[in-house]
2 protein chains.
Amino acid sequence: MEQKPKLADVALLAEVSTATASQVLRGTGRISESTRKKVLAASKKLNYVRDGRAASMRSGENREIGFAVHQIANPFNAEVISGVSDLLETEGYLVSVLDSRDDTARQRRNLEAFIQSLRGGLLWVPAENTDDATYELLMAHGIPTVSFLRRFGKGRFDHVGIENADAIASATRHLVDLGHRRFAYLGGTAGFGVRVERIEGLRKALAELGLPPPVIWDCSDDKVSGLNEISSLRNAHPEVSGIICNGDMVAIGACSGLIRMGMTPGKELSIIGFDDVEDAAIATPPLTTLAVSPYQLGRKLARVALDRINDPAMPTAVSLVPAELTVRATTGPISG
Amino acid sequence: MEQKPKLADVALLAEVSTATASQVLRGTGRISESTRKKVLAASKKLNYVRDGRAASMRSGENREIGFAVHQIANPFNAEVISGVSDLLETEGYLVSVLDSRDDTARQRRNLEAFIQSLRGGLLWVPAENTDDATYELLMAHGIPTVSFLRRFGKGRFDHVGIENADAIASATRHLVDLGHRRFAYLGGTAGFGVRVERIEGLRKALAELGLPPPVIWDCSDDKVSGLNEISSLRNAHPEVSGIICNGDMVAIGACSGLIRMGMTPGKELSIIGFDDVEDAAIATPPLTTLAVSPYQLGRKLARVALDRINDPAMPTAVSLVPAELTVRATTGPISG
DNA sequence: GACTCACGGTATAACGTTATACCATAAATC
DNA sequence: GATTTATGGTATAACGTTATACCGTGAGTC
């Protein structure tokens, strides 16, 4: 196989200068139709692909966007990714995903390597307990960055997230209407954005209704944890009948756990998830949840990123999208 | 904020040449301890991060690896990704993920953009119906590539996959021992690697036992499809009692479907999945499946890629890892 | 004291693009 | 016919690294 063709090879074959070839391929519109054709033919014949590194270095443009998530396995994130890339791809960007697995050290390594290639932008779900230094790192290197879901500090980056407090308030009202009086919040680990806001919302909603504060029960946001933790929670707090979960996966796990314990979600205990991932509707029983459309959320995120890239001087902003209570089978009137 | 510092700035501050600064930062070991310290101090003080584009362009090295998958949402893939990046990160590589969503057009766009930045390597689960041109594209640009799971042509790229035929044979024997005589293969769409090999394996295993050929029932590899298709399959082929699925997700969906229809997986019908994703063990009922450790598979994949990168001249090879029958609750003796 | 040699530093030319400024030529204007 | 003005092409200098080849200096050898 021959050497990788470069612009000079194309120019040579088309009998023009590299400057001309470059203009044709970039479509500046300054080149006559006849030479345009020659160059395009030559490029095609040689199977030319430009070296994006060189191009980006010279032009200062880079149409690659990174999406650094805390957990690639999370189906919610997977749907967000679809929304993000559908929008960005139509604008000619390439979206690639980095996974920190909520490990700050891994996240740090990933971001350091990412920064080196000076890509066009970064969408970022910060890992839990991300330290200031990592934020400084990103700030210092001036890559347009949008934080997502988990917010840190204020006004440092653009942010796209969920109206957590409002959502939780509507879930609480729903359960209270069904007769529930004692609540727990299940899932998530201490200290990070969404969970803090949600618990705060729950506390406030209960206080306003004159009800006792909720039990807070930490665990990771996956099915297995939900399955395991629900029995401990039940044993420790038998008075609790309304459970609001940090995510659908924990909620689904918790429902499986209840079934294993011989109970029925929506009868002895009511459970509400968060997100409305695809599985929520087809779980047995179908899960009552706070629905945010992850796909639409992804599109919103992409839009914010594009705006930032196109106008880096704009003041940073926070966009919150609402979550809507979707009642299915895991909530019901209190029994006994 | 000042301009982004470059190597020249570091060299200036350390009072050495850029050549020296470069050598220090790369650790060639040719520079005296005293100047080494000066340079490192200057670099730290300026918060210098090298421009990876320029470095890669000049040196021809690029420690970024792309992993192009057909479906990022698939939990199996998510676990593979963990294995891949755990191994590659220890070798100083950055792994980023591209999602084709099994759409050949999107895959094409992604790969074209990917190639432009001339990264260090590509791990690739080809989308279904990937055309020759896309393979040519990758061949032509000489990026070390390893295909994964889905094989195409022969010997063009290194390949890492699963011993599909053997696995299916053991699943078949298990079901036959339980008394099942009529089989179906559920899930996957026509014409691609793993499915072809598995169906072939099933055909052969049944033929050797003197049993009738299997029913082939196509559908996408997700829960919803499994849930929906199982009833049509049941109606169309009431004689079938042993179902082998293309993946755990379809299998779990099919089990949910059976339950909705008032049946019990492992009684009227036996169902076997493939992969052993995390959900398989905690599904209700727990799923009998052909277990491949996706994490270990990922490490194997990464290993093969590294070997290829380190020795591009080596002849291409195919590595197959076995899948092990893991009996849980969705298979049982034939009833009636 | 002339010769070799290792050591540690540097000047310089790449890598493959694109932005800029410039220069022909032909057409248009008076 | 001289002057302006589009039009379409090109030479050249960046972008920020690293590989190569080179060159002092001082120590070691005979």
Side-chain angles (χ1 to χ4, degrees), chain A residues 2-40 42-43 46-64 113 115-120 141-143, chain B residues 2-40 42-43 46-64 113 115-120 141-143:
Chain A
E2 312 93 61
Q3 285 298 353
K4 201 168 177 333
K6 42 181 170 173
L7 188 60
D9 301 321
V10 175
L12 196 68
L13 181 61
E15 297 176 301
V16 296
S17 70
T18 60
T20 303
S22 174
Q23 292 208 61
V24 169
L25 295 174
R26 278 178 293 145
T28 58
R30 244 180 115 268
I31 304 298
S32 75
E33 192 53 29
S34 61
T35 53
R36 225 179 72 83
K37 274 193 191 137
K38 280 197 300 181
V39 171
L40 290 176
S43 164
L46 296 178
N47 253 311
Y48 171 72
V49 175
R50 74 169 188 171
D51 185 328
R53 300 168 302 182
S56 148
M57 192 161 68
R58 176 65 236 249
S59 71
E61 255 206 28
N62 192 336
R63 298 182 89 78
E64 296 180 52
I115 282 175
Q116 288 199 2
S117 49
L118 286 175
R119 288 200 245 257
H141 289 279
I143 293 180
Chain B
E2 312 93 61
Q3 285 297 353
K4 200 166 177 335
K6 43 180 167 175
L7 189 60
D9 301 320
V10 174
L12 196 67
L13 181 60
E15 298 177 301
V16 296
S17 71
T18 61
T20 303
S22 174
Q23 293 208 61
V24 169
L25 294 173
R26 279 178 293 145
T28 58
R30 244 180 115 268
I31 304 297
S32 74
E33 192 52 30
S34 61
T35 53
R36 225 179 72 84
K37 272 191 191 140
K38 281 197 300 182
V39 171
L40 291 177
S43 163
L46 296 178
N47 253 313
Y48 171 71
V49 174
R50 74 169 189 171
D51 185 328
R53 300 169 302 183
S56 148
M57 191 160 67
R58 176 64 237 249
S59 72
E61 254 207 28
N62 192 335
R63 299 181 89 78
E64 297 180 51
I115 281 175
Q116 289 198 2
S117 48
L118 287 176
R119 288 201 245 257
H141 289 280
I143 293 181

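Quick note: numbers below take in every heavy atom, side chains included, and nothing from hydrogens, waters or symmetry partners.
Summarising the geometry, the separation between CE on A:Met57 and P on C:dT18 is reported as 11 Å, rounded to the nearest angstrom. Between the CG atom of A:Leu25 and the C1' atom of C:dA19 there is a distance of 16 Å, rounded to whole Å. With rounding to whole Å, A:Gln116 atom CD is found 10 Å from D:dT17 atom P. Taking atom CD on B:Glu61 and atom C1' on C:dC15, their separation rounds to 15 Å, with Å as the unit. Atom pair A:His141:NE2 and D:dG16:P shows a separation of 14 Å (rounding to whole Å applied). At whole-Å resolution of the value, CG in B:Asn62 and C1' in D:dG16 are 15 Å apart. For the pair B:Gln23 CD and C:dG9 P, the interatomic distance rounds to 9 Å; values are reported in whole Å. Between B:Asp51 atom CG and C:dC15 atom P there is a gap of 18 Å when expressed in whole angstrom units.
Contact of A:Arg58 with C:dT18 (side chain to base): a donor-acceptor pair of N or O atoms is detected under 3.5 Å. The base of D:dG9 lies close enough to the side chain of A:Arg30 for a donor and an acceptor atom to sit less than 3.5 Å apart.
B:Leu7 has its side chain out of reach of B:Arg50: every pair of non-hydrogen atoms, C-beta onward, lies at least 4.5 Å apart. Annotation: side chain of A:Asp9 is in contact with side chain of A:Lys6 (closest heavy-atom distance under 4.5 Å). Within the 4.5 Å cutoff, the side chain of A:His141 has no heavy atoms near those of the A:Leu118 side chain. For the pair A:Gln116 and B:Asp51, the minimum side-chain heavy-atom distance is 4.5 Å or more.
Closest approach to the A:Lys6 side chain among D:dT17, C:dG16, C:dG9 is made by C:dG16 (side chain taken as heavy atoms from C-beta onward). Nearest nucleotide to the side chain of A:Arg26, out of D:dA11, C:dA19, D:dG16: C:dA19.
Ionic pairing of B:Glu33 and B:Lys38 is not present here: no N-O contact between side-chain nitrogen and carboxylate oxygen is shorter than 4.0 angstrom.
A:Arg53 comes within 4.0 angstrom of no nucleic acid atom, judged by non-hydrogen atoms across all strands. Among the heavy atoms of the strands, none lies under 4.0 Å from A:Ser56. Using a 4.0 Å heavy-atom cutoff across all strands shown, B:Ala55 reaches sugar-phosphate atoms only and no base atom. Within the 4.0 angstrom heavy-atom criterion, base atoms lie near A:Thr20. Among the heavy atoms of the strands lying under 4.0 Å from A:Ser32 are primed sugar atoms or P, OP1, OP2 only; no base atom is included. Residue A:Leu7 is classed as a base contact, given a heavy-atom separation below 4.0 Å to a base.
With 3.5 Å as the limit, one finds a donor-acceptor pair spanning the side chains of B:Ser56 and A:Arg53.
The shortest distance between the side-chain N/O atoms of B:Tyr48 and the OP1/OP2 oxygens of D:dT17 is below 4.0 Å. Remark: A:Ser59 is not in phosphate contact with C:dT18, judged by side-chain N or O atoms under 4.0 Å from OP1 or OP2. Contact between the side-chain N/O atoms of B:Ser17 and the OP1/OP2 oxygens of C:dG9 is not found at any separation under 4.0 Å.
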